[in-house]
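Some notes on the structure that comes next.
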Amino acid sequence: MRIFAVYLAKNNGDMSNYNPQEIEKKWQKHWKDTHAYKVANSSTKPKYYVLDMFPYPSGAGLHVGHPLGYIASDIVARYKRHKGFNVLHPMGFDAFGLPAEQYAIQTGQHPAVTTAQNIARYKEQLDNIGFGYDWDREVQTCDPEYYKWTQWIFCQLFSSWYDKTTDKARPISELTDIFSKEGNATVNAHGDENPVFTAAEWNAKSEEEQQQTLLNYRMAYLANSMVNWCPELGTVLANEEVKDGLSERGGYPVFRVNMRQWFLRITAYADRLLFDLDAIDWTDALKEQQRNWIGRSEGASIVFEVIEPLSDLTPNPSPKERGANNSLNNELGWQSTTAEEWNTLKPFARENRKNPTKAEGDLWDLLRDNKLGARFRRQHAIGNFIVDFACLPAMLVVEVDGKIHNEAENKEYDEGRTHEIEKLGFKVVRFTNQQVLENPYTVRDEIKNILATSPLSLGEGSGVRSTNDDASTEGDNFPPLLGRGAGVNKIEVFSTRPDTIYGATFMVLAPEHELVPAITTAEQKTEIDKYIDYAAKRSERDRMSEVKAVTGCFTGTYATNPLTGQPIPIWIADYVLAGYGTGAVMAVPGHDSRDYAFAKHFGLPIVQVVTDKNNTINIDTESFDAKDGVLINSDILNGLNVSEAKKAIIAKLEEKGIGKGKINYRLRDAGFSRQRYWGEPFPIVYRNGLPYLVDESELPVTLPQVESYKPTGDGNSPLAALTDWVNTPNGQRETNTMPGWAGSSWYFLRYMDPKNNTEFASKENVDYWENVDLYLGGSEHATGHLLYVRFWTKFLYDIGKIPVTEPAKKLINQGMIQGVTPFAYSILVAPRPIVFSKSFIDIKNNVVTLNGIAYENVETHKVRLPFAVVDFVGSQCRFYKKYLSEKSNEIKGFTLFSIYEEDESRYFWEKDENGDEYMVVDTEVEKMSKSKWNVVNPDDMVAKYGADTLRLYEMFLGPLEQSKPWNTNGIEGVYRFLGKLWKLYNIGEDSKAQLSDDAPTPEELKILHKTIKKTADDIDGFSFNTTVSAFMICVNELSQLKCNKRQILEPLLVCLSPYAPHIAEELWAACGNTNGILDAEFPKFNPEYLVENTFSYPVSINGKTRQQMEFALDADQETIKAAVLANEIVQKWMEDKPLKKFILVKGRIINVVV
RNA sequence: GCCCGGGUGGCGGAAUAGGUAGACGCGCAGGACUUAAAAUCCUGUUGGCAGUAAUGCCAGUGCGGGUUCGAUUCCCGCCCCGGGCACCA
């Protein structure tokens, strides 16, 4: 009993020493019990919204790097509260995503369960640090109450289109109104490249056709596209989730494959995303990254005509060689051409279908859908031709001249073509454009008559493959005609330097360009196929890591340079990317270094068309890529400067109808499908293969339970196996889920009204909180999250749901806190127990010494040591033997050595003053992560020093935006500072501060107000590290003065409170305040206390400081000058040289020039 | 290759409308208190040279130039480190 009493007296009664563990828990509980951080949605105070990028709750918990930004934002939030703002400072969790799912796959635990556990852990850790979050506003993206609204926003995207005329998103119903009244001509006028249709055509479309067409306009749409497929993760990845051809998560290989995916039309916002950057206070580096990512470039699109070699006017003789059979059944089975030829023709057929001529389009509307009682196909392959229309059962081909066969010289070609098709047993009938356009019904009737007299030798189903009434009729798996050049007579390119067109001496297409097979000549086919194969086999990763090698292949075909009229060869090469521009370039080797390298390598002509002002450019050794200069060798452009020439050539191209000014973006539409389980389900069902929204009343579409979380690997998500869930009365559900960034693209809005179950947030609340005043987070989100959240914000603004076009007015990127990894060396041999011996590795000479015996050429490698087995003593990192027993299961299996250096002691075990054995090892700075054993848990720091010390120390470490390695060395200093502060308040037995109410001295006031000013200034400049040092100076100076004045020490606590809220609250209460410090008014800075009467001037002679002299600040120059010149030391340094100049900068410096 | 940052003591870092370089903290050294340790406090700490010392002199903010009475700060030319983008026509 007695011992117990003594113990109590020692620990609870004596408050003369700072005891963070006790006071921090007390105040955290108090704040929670009193709802001290609850935020109201309306107030007479001005609003301020501080937001952190919410964390993904991983199983590893928080490490000391996470709180860096959170502490900074907490400081700003608390400061603003002292300054009289109504501050919103919420926290939540970005809880959908891969790690939880991967974990579920491994353990079978439902991701929702592990996520909830992780979140609980995170919240505990966050609360330990004393953050002032209003937890009532917490959001979790995986909560159905939250993702209901993510789905709802998706519905709005699906139901909207982008109107380029007014430059905003509008409801899709307004678009269908326009289509039914005027077709899509005006909508298309702003650069859309969708096929044109009239109101009548629109109205004649079936529901399915209309829906299909609308997908070309919706903000959320389905499309086939090349995507980053990661088989290992079983999902597609966004571009920013792929680094060097490997997945960012896991580092698995990623491949480009074609898949049908959901996309969000972020490209519609490209310009606004770009230009609005100017209006927000984000760092230049980050804005620059977004600008580059959007990659806007102005230039021109130009059409080059392909020259068709004469020989190609006569069709490929293959049908003849096959023997003229009258029956396709005999010759080609059910096909009208061979698979091989279809492969060749496919791109043209597709292209032609996409861009029918007016006459073709009109006629198709009259023939399609079995309107004449027989099925017609358009742009169909027959033998080695693509014919305009074919009715296979009737063996009838209908061609409309005009698009590509209207020139006189093509007449002969047409006749030859007719002849060849007839040999295959078809009847060919031709109409002119004019006939179709002027008398469409006459034409239709004529076809009908011919059909009536046709033998209908092949009924559908009697050998000819039967097809559905859907797109598969025109599907790519069904073959058409052959021969090259068929219909391909132009290639479009994009160039930012149209002014250099006179120097375009060849063209280069991407190997994947769809016209490549068509323009390849028979002689070059083998080579080209080989090259395409080569390019396809190289993964993205190969392409990146490889030193840029010049490779390419000639197609055998030429195009005409439209300005010079010269034929120029068409090549393919993988330096041209299929995904950018048109996938084809006009190569100007004289003025593009890539084209130059290519031309040099393959011996292609190089023509100089731009020179500098003095005409000193010589392009014999390198290209002249500069964007200013004067045009030469360019006919009409000669003498113009580059920018004038651009304008002139675009005008010329437009006049000739072969080009136009164009703006290209690097930004792609955002892929929005993931073939995974742990994400938001789409509010979509399919009917007849077309997507429809589920009714809003069915939201949220909740994520069902599944047996297995494993992706199927064939591109289907685990949801696809749930037939009961997939099949609904209204259609089949979409089984993909949304990507990780869906939920994070609007969460800042949900915090404004997190419990609302009728809207994503009420209008009242979004109008009050508007957007984030200060957003803190890592710069790694620059081109992902931060672009998407801006996109969604603009969209929600367009549809009238929020009053702002940007999510965050100001954004700060906090730096990363890196881990310090100690390491030793191991020999690459079978694992052995740790050796404590006089053994070492001489890395430089590749020699290993084991117990005195040297071995040469032994392979060694670095071995990470757990952070926990080392201590930092002075500048040494010591690896202690005593920690090995605790950690041995983590590092067993390696023979460890330290590196050999000059200092021989470094590879031996030594004994410290306590007799503990250690070895000095080296360290490396890397990312802090569980797998690297270098994680430092903030809980440990809090347990040892308290939350206030951790908060101050993280801020004291250096500028917020700078990355730095975690180093515990300095934390003691901060802890000592808080101890000194505590002592100033003379806390007695009764836990009360014993302070004097005497008036403070001017000196004391000066110290206080200096600190007030510094605190306020530094928060505005986010220079938290210098504020902490200002606090230290202040406390040092007040301690020196033994200041115990209430009028000094109370205001000081308010300054400190944002940084160290627990101790500030404790001392505030100890001073006798009953109101709590959180809402205390921030002390007003009074500059009068800082006014000085005199200044101790550094006096320098010729710029070198030699003497200090004190003068009144209001002393006039002559008085000072006389005194300075009379000074003994000054005279000594003047060395009797005449005075040249006397410089006095008031309150700064005096300089005597001799 | 291009675009952003950034190079300051043994260490983290202060100070830039040009005006005493190295605040503050760590570490280190010495000292006080203590039987001792811990804790706490005090002093010193950019380097070199000279001096018993107080102190003095010289050099010094990645390197080389320039502007200026005066440059860590501005200008020109390099070097190195970190980050981003990467054949974007």
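Treat the numbers as computed from the prediction; the structure is a model and nothing was measured. Throughout, a chain's letter reflects where its sequence line sits, starting with A, and its residues are numbered from 1.
- If you look at A:Phe598 and A:Phe506, their ring centroids are closer than 6.0 Å.
- Atom P of nucleotide B:rG25 and atom CG of A:Leu952 are separated by 13 Å, given to the nearest angstrom.
- At the heavy-atom level, A:Arg497 lies under 4.0 Å from the strands shown only through sugar-phosphate atoms.
- Within 4.0 Å (heavy atoms only), A:Arg296 reaches no atom of the nucleic acid at all.
- By the 30° and 60° cut-offs, the orientation of the rings of A:Tyr534 relative to A:Tyr531 is tilted.
- Aromatic ring centroids of A:Phe956 and A:Tyr953 lie 6.0 Å or more apart.
- Using the Watson-Crick or G-U wobble rule with both distances under 3.5 Å, B:rC24 pairs with B:rG12.
- Aromatic rings of A:Tyr1059 and A:Phe1031 (six-membered ring for Trp) have centroids within the 6.0 Å cut-off, being under it.
- The separation between A:Tyr1059 atom OH and B:rC24 atom P is 18 Å, rounded to whole Å.
- Distances were taken from every side-chain heavy atom of A:Trp1133 (C-beta onward) to each of B:rU20, B:rC57, B:rG19; the shortest belongs to B:rC57.
- Nucleic acid contact class of A:Lys980 (heavy atoms, under 4.0 Å, all strands): sugar-phosphate only.
- Comparing B:rA86, B:rC69, B:rG13 by their closest approach to the side chain of A:Val1153 singles out B:rC69.
- Listed nucleotides: B:rC58, B:rA14, B:rG25. Nearest to the side chain of A:Asn1025: B:rA14.
- Of the candidates B:rA86, B:rC3, B:rC58, the closest approach to any side-chain atom of A:Arg1106 belongs to B:rC58.
- Base pairing analysis places B:rA32 opposite B:rU40; the two distances defining the Watson-Crick or G-U wobble pair are each below 3.5 Å.
- When heavy atoms are screened at a 4.0 angstrom cut-off, A:Ser297 is found touching the sugar-phosphate backbone but no base atom.
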